[in-house]
Amino acid sequence: MAARVVPVDPFDLVVFGATGDLARRKLIPALYHRMADGQMPDGARIIGTARSEMDAEGFRALASEALDTFVPAENLDADIRRRFLGCLDYLKLDVSTPEGWTNLRGKLGTDDRPCAHYLSVAPRFFGMIAEGISKAGLVDANTRIVVEKPLGRDLASARALNAQLAEGFEESQVYRIDHYLGKETVQNLMALRFANTLFEPLWNAQHVDHVQITVAESVGIAGRGPYYDNVGAMRDMVQNHLLQLLCLTAMEPPARFEPDAVRDEKLKVLRALEPLIDPADVVRGQYRANGETKSYREEAENDSSMTESFVALKAKVSNWRWAGVPFYLRTGKRLRNRVSEIAIQFRDVPHSIFPGAGATPHPNVLAIRLQPDEGITLSMTVKDPGPGGMRLADTKLDMSFAERLAATGMRMPDAYERLVMDVIRGDQTLFMRGDEVEAAWAWIDPIIAAWQSAPAPKLYDAGSSGPEDALMLLHRDGRRWREIET
Ligand code: BG6
């Protein structure tokens with residue numbers, strides 16, 4: 001069965017940094033898939049730009065190779081590939097020279113079709129390119145600009161970037177990608193909350209004991225050492241992906257599923273976060289060597305690095321809905337497994353009427369699984385089947401999106417497929433607004449600042465669940481982390 005798609009109008013997409021890793025790994029495959037699913041209109045143009053000397057044919061060859069490498073063979077089709085490559089064009093562009101911009105203007109022509117400029121380049125070029133696009137007279141009502149993290153490294157730099165973007169573009173033209181928002185399960189979290197009556201009445205401090213948000217990765221930082229060592233897990237993951245997940249979990253129902261209605265509610269959550277002042281509420285860790293696996297410092301090639309590859313923290317959302325409910329967040333590299341999930345643990349029953357049940361608590365847990373095996377599970381307590389009295393057992397209602405899609409012959413789309421098409425359609429709902437990014441930094445900055453005088457990160461074995469102190473963060477509260485298991 002073909003995927004249900006709404007075709008978009010013909011558009012131009014200019015990819016700055018088109019020969020780079022993000023373009024090859026994510027954008028080109030995502031656009032190919034949209035064409036295969038029938039969403040790419042005739043006449044769409046994807047113009048790669050970079051400093052490399054290359055012609056359109058050279059770029060098509062590079063893109064074709066990216067398809068072979070990053071698109072599963074069963075999804076490749078010769079005819080679709082030919083049509084897709086036919087949409088590609090290339091312009092050698094040095095963004096620091098006026099000629100480059102004149103050439104781009106010439107290539108784009110003067111029609112008023114939607115034109116998105118995707119800045120798949122290092123952040124230090126964001127300001128220069130935004131200015132270049134605007135000075136070249138390339139901004140009209142149908143122009144959009146796309147940037148992706150890192151969006152600053154603190155509040156001051158995020159503000160400076162927002163100001164630079166605002167010089168040439170309206171906020172409604174700026175698309176700040178957090179690719180977690182494009183993940184199928186993250187969108188499903190909103191459907192689960194706001195298209196069902198079942199959970200929303202329970203979605204508050206009266207019924208929820210606590211929330212755990214985990215983004216555990218088994219990979220290390222090999223290949224990104226110098227970049228990552230200057231950033232760390234707090235800036236790389238918590239400031240954006242984990243806080244966005246927290247926002248979607250904690251926000252009030254927006255009046256409509258529209259960009260500003262959704263983003264206003266997320267912003268309120270960020271602004272309701274209590275400052276994290278107790279150092280015991282944040283644990284940062286760094287992996288050490290384990291057997292064959294190198295240590296963080298070896299991979300970063302920095303013997304004295306104090307950069308964290310792991311963070312666990314206890315956040316509190318100070319509002320009526322969530323007063324007293326901890327949100328435990330953790331993320332790290334080189335953990336036991338790759339698992340991302342949001343788990344809502346409900347309060348236990350106030351009184352157990354089953355004598356055999358003992359003191360063991362059986363709380364219901366709703367787990368929204370982002371990866372792997374996207375889906376939702378709800379842990380329930382049931383009677384252990386068979387004779388032997390009233391013994392209780394925990395069981396799971398389990399819904400796997402992948403299985404559901406497979407049954408309909410569809411594949412799980414990558415986050416970038418949804419996000420790139422939303423840019424073209426002009427839908428900002430799944431993109432961060434400038435004030436959200438700033439509010440997130442405003443909460444993160446003091447935590448990072450406090451580390452200047454704090455002891456070194458706690459070491460944990462590569463392949464483990466993280467440092468002991470992270471376990472203690474929950475033990476102290478009489479709780480425990482969910483296992484990081486696939
Ligand atoms: C990126 C981070 O934003 O997200 C990486 O910079 C991280 O460090 C990646 O590995 C994780 O994304 P995903 O989609 O693989 O969970």
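Nothing here was measured: the structure is a model prediction, and the numbers come from that model. Atoms within a ligand are numbered from 1 in the order they appear, just like the ligands themselves.
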Among all the protein's non-hydrogen atoms, which is closest to atom 3 (O) of ligand 1, and how far away is it? His241 NE2, 2.7 Å

Salt bridge flag under 4.0 Å for residues Arg321 and Glu200: yes

For ligand 1, which atoms sit closer than 4.0 Å to a heavy atom of Met237? 2 (C), 4 (O), 7 (C)

Heavy-atom distances under 4.0 Å are what count here, so tell me which part of Arg338 touches ligand 1: side chain, backbone, both or neither. side chain

Should Ser340 be counted as touching ligand 1, given the test is an N or O pair under 3.5 Å? no

Sub-6.0 Å ring centroid separation between Tyr460 and Phe310: yes

In short, Tyr287 meets Lys294 closest at the heavy-atom pair CE1-O, 3.6 Å

Looking at atom 5 (C) of ligand 1, what's its closest protein heavy atom, distance included? Arg224 NH1, 3.4 Å

Please check if the side chain of Gln286 supplies one atom and the backbone of Thr307 the other of a donor-acceptor pair under 3.5 Å. yes

Report the C-alpha distance between His33 and Asp414 in whole Å, list the side-chain angles of each, state the deciding distance to 0.1 Å, and finish with yes or no for side chain to side chain donor-acceptor pair (under 3.5 Å). CA-CA 9 Å; His33 279 304; Asp414 184 74; over 6 Å; no

How close does the nearest protein non-hydrogen atom get to atom 6 (O) of ligand 1, and which residue and atom is it? Asp236 OD1, 2.6 Å

Over 60° means perpendicular and under 30° means parallel, so tell me whether Tyr328 and His210 are parallel, tilted or perpendicular. perpendicular

Give a yes/no verdict on whether any heavy atom in Tyr180 is under 4.0 Å from an atom of ligand 1. yes

What protein heavy atom is closest to atom 10 (O) of ligand 1, reported as residue, atom name and distance in Å? Glu217 OE2, 2.5 Å

Closest by any non-hydrogen atom to atom 14 (O) of ligand 1: pick that one out of Lys333, Gln371, Lys183. Lys183

Nearest non-hydrogen protein atom, atom 12 (O) of ligand 1: His179 NE2, 3.1 Å

Donor-acceptor pair, side chain of Gln173 and main chain of Thr143, under 3.5 angstrom: yes

